[in-house]
Number of protein chains: 2
Amino acid sequence: MKQGEQTKLSIIKAANKLFYQQGFHKTAFSDIVKEVGLSKGNITYHFKSKDDILTAVIEHRVERTKQILTTWDQDYANADTRLLCFIDSLIDGKSALTRYGCPNGTLASELGKSNELTRQLSHRVFDLIRQWLSTQFLALGYSSEQANDRALDLFTRGQGICVLAQVYNDEDIFELQVNHLKALVSEKINS
Amino acid sequence: MKQGEQTKLSIIKAANKLFYQQGFHKTAFSDIVKEVGLSKGNITYHFKSKDDILTAVIEHRVERTKQILTTWDQDYANADTRLLCFIDSLIDGKSALTRYGCPNGTLASELGKSNELTRQLSHRVFDLIRQWLSTQFLALGYSSEQANDRALDLFTRGQGICVLAQVYNDEDIFELQVNHLKALVSEKINS
DNA sequence: TCAATATTAGTACTATTGTACTAATATGTA
DNA sequence: TACATATTAGTACAATAGTACTAATATTGA
């Protein structure tokens, strides 16, 4: 990897962390500069504006999400195992999810209010996950329409749990509610 | 009502609107000044800081929420009617909820990341609604624990729906999913 | 009434915002 | 090697942030 690409990546990672932990608007350009540990001029060389960094961060999240979903596809043969894997990943991340909410959900909530472009970008991460969930339910024997419903339902509840857990800053609520989601996966078809 | 109280209220209402539609950090002090239509000095006379306005806005939301819940309690005798009323209110507000998300959820998501005080304030609005929902389920015959579960579940899903609908900017997703919630209310006990 | 207080407007101020620009250095290539 | 380009650092800048301050006007109560 070329030197510049390396730097670009470290900028994206630093910004990604800050946008998640502080929100986009709360995060100043200088915060990113400080977090990366390079000069201001260096950052603006690689990204001419804060919005450019945001776009790159979302692109990065899209790629990272694709990567994770692909890994699960490769590592697990059964759809129900994969779905449980998705749910377990929520529990694994409960500390951050409870503290800062869902990275994609909170960013979309913040940006969706005023910025149509970034709403659409966030939208892409959501589509990836929804699509993947739907595919798993399809493999479990649900009809196409039912699978979409299940996926949307599971996703919706996951987002809701993140919001509630963050508001109450309560990991127990988070874990308890997420465990309820497991029932959705193992439920009998056509219930 | 004294003149000053009137002004204070108009400031709160303007800020409330902007915090909802743009988010807290995106909303500048000057935005509020413009929205209220009074001088900058006048605003700082009534609220010495932007954070003070925020606190007042949340207090206002708490009072407004109490008021609405009380009205429902007075107007409807049956708990299931009240719960349907709650759900219908979501559908009534679907346009704004889809465009800007849930006022309380999105504000809490934004502020909960960095500001512990306002997280706790948002927390209060959530408690009011959760408590009320729980009371209704209790009246329907659920046990105390079950009622709490139901309330949390209903609330969680409502929040999740708002996030998804906003991300997709899709009122149909919103209405469809909210209608699913009605099943939660009319479901048989102990299912 | 008049004095005290409440309210409003307008301006000033410092700090910080995001971005632009220049100069220096590193890297790669012919 | 020498040249061109990529990368980095440092500084400068106009614009805006939030708040403080003063003066003018309204309102109130004795």
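- Residues of residues 15-26 of chain A having a heavy atom closer than 4.0 Å to DNA chain D: none are found.
- At C/dT7, one or more side-chain N or O atoms of B/Y45 fall inside 4.0 Å of OP1 or OP2 (strictly under the cut-off).
- Listed candidates were C/dT7, D/dA9, C/dT19. Nearest to the side chain of A/L38 is D/dA9.
- Look at A/K17 and A/D31 and you find no salt bridge, because none of the NZ, NE, NH1 or NH2 atoms lies under 4.0 Å from a carboxylate O.
- A donor-acceptor contact closer than 3.5 angstrom links the side chains of B/T27 and B/Q22.
- In this model, the phosphate group of D/dA6 is not approached by any side-chain N or O of A/H46 to a distance below 4.0 Å at OP1 or OP2.
- Closest to the side chain of A/T44, out of C/dT8, D/dT8, C/dC21, is C/dC21.
- Taking the side chain as every heavy atom from C-beta outward, B/Y142 and B/N148 never approach each other to under 4.5 Å.
- With sequence neighbours excluded, the residues that form a ring pair (Phe, Tyr, Trp, His ring centres under 6.0 Å) with A/F126 are A/F155.
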Protein heavy-atom contacts under 4.0 Å, written 5' to 3' over nucleotides 12-17 of chain C as B (base), S (sugar-phosphate only) or - (none), form the string -----S
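- Rounding to the nearest 0.5 Å places CZ of B/F174 at 11.5 Å from CG of B/L164.
- Within the 4.0 Å cut-off from OP1 or OP2 of D/dT7, not a single side-chain nitrogen or oxygen of A/N42 is found.
- If you take CD1 of A/I43 and P of D/dG10, they are 13 Å apart, rounded to a whole angstrom.
- Among residue pairs with one or both ends in residues 48-60 of chain B, those qualifying as salt bridge (Lys or Arg N to Asp or Glu O under 4.0 Å) are B/K48-B/D52, B/E59-B/R124; sequence neighbours excluded.
- Here D/dT27 presents its P atom at 13 Å from CD of B/Q6, a figure rounded to the nearest Å.
- Counting only Watson-Crick and G-U wobble pairs whose two distances sit under 3.5 Å, DNA chain D takes part in these stems of three or more pairs: C:1-30 with D:1-30.
- Atoms CD1 (A/I11) and P (D/dA9) sit 10 Å apart, rounded to a whole Å.
- In this structure, A/F47 atom CZ and C/dT19 atom P are separated by 13 Å, rounded to whole Å.
- In this structure, A/R130 forms a cation-pi arrangement with B/Y168, its terminal cationic atom sitting closer than 6.0 Å to the ring centre and no more than 45° off the ring axis.
- Between the P atom of C/dT19 and the CG atom of A/D51 lies a distance of 7 Å, rounded to the nearest Å.
- Between B/K66 and B/D73 there is no salt bridge, since none of the side-chain N atoms of the basic residue sits less than 4.0 Å from a carboxylate O of the acidic one.
- Closest to the side chain of A/S39, from the set D/dA9, C/dT19, C/dT7, is D/dA9.
- In this structure, B/Q67 places its CD atom where more than 12 heavy-atom neighbours from other residues, nucleotides or ligands lie under 6.0 Å away.
- A salt bridge (Lys or Arg N to Asp or Glu O under 4.0 Å) check over residues 100-118 of chain B, counting only residues at least two apart or in different chains, returns the pairs B/E116-B/R119.
- Ring planes of A/F24 and A/F19: perpendicular class, angle over 60° (limits at 30 and 60°).
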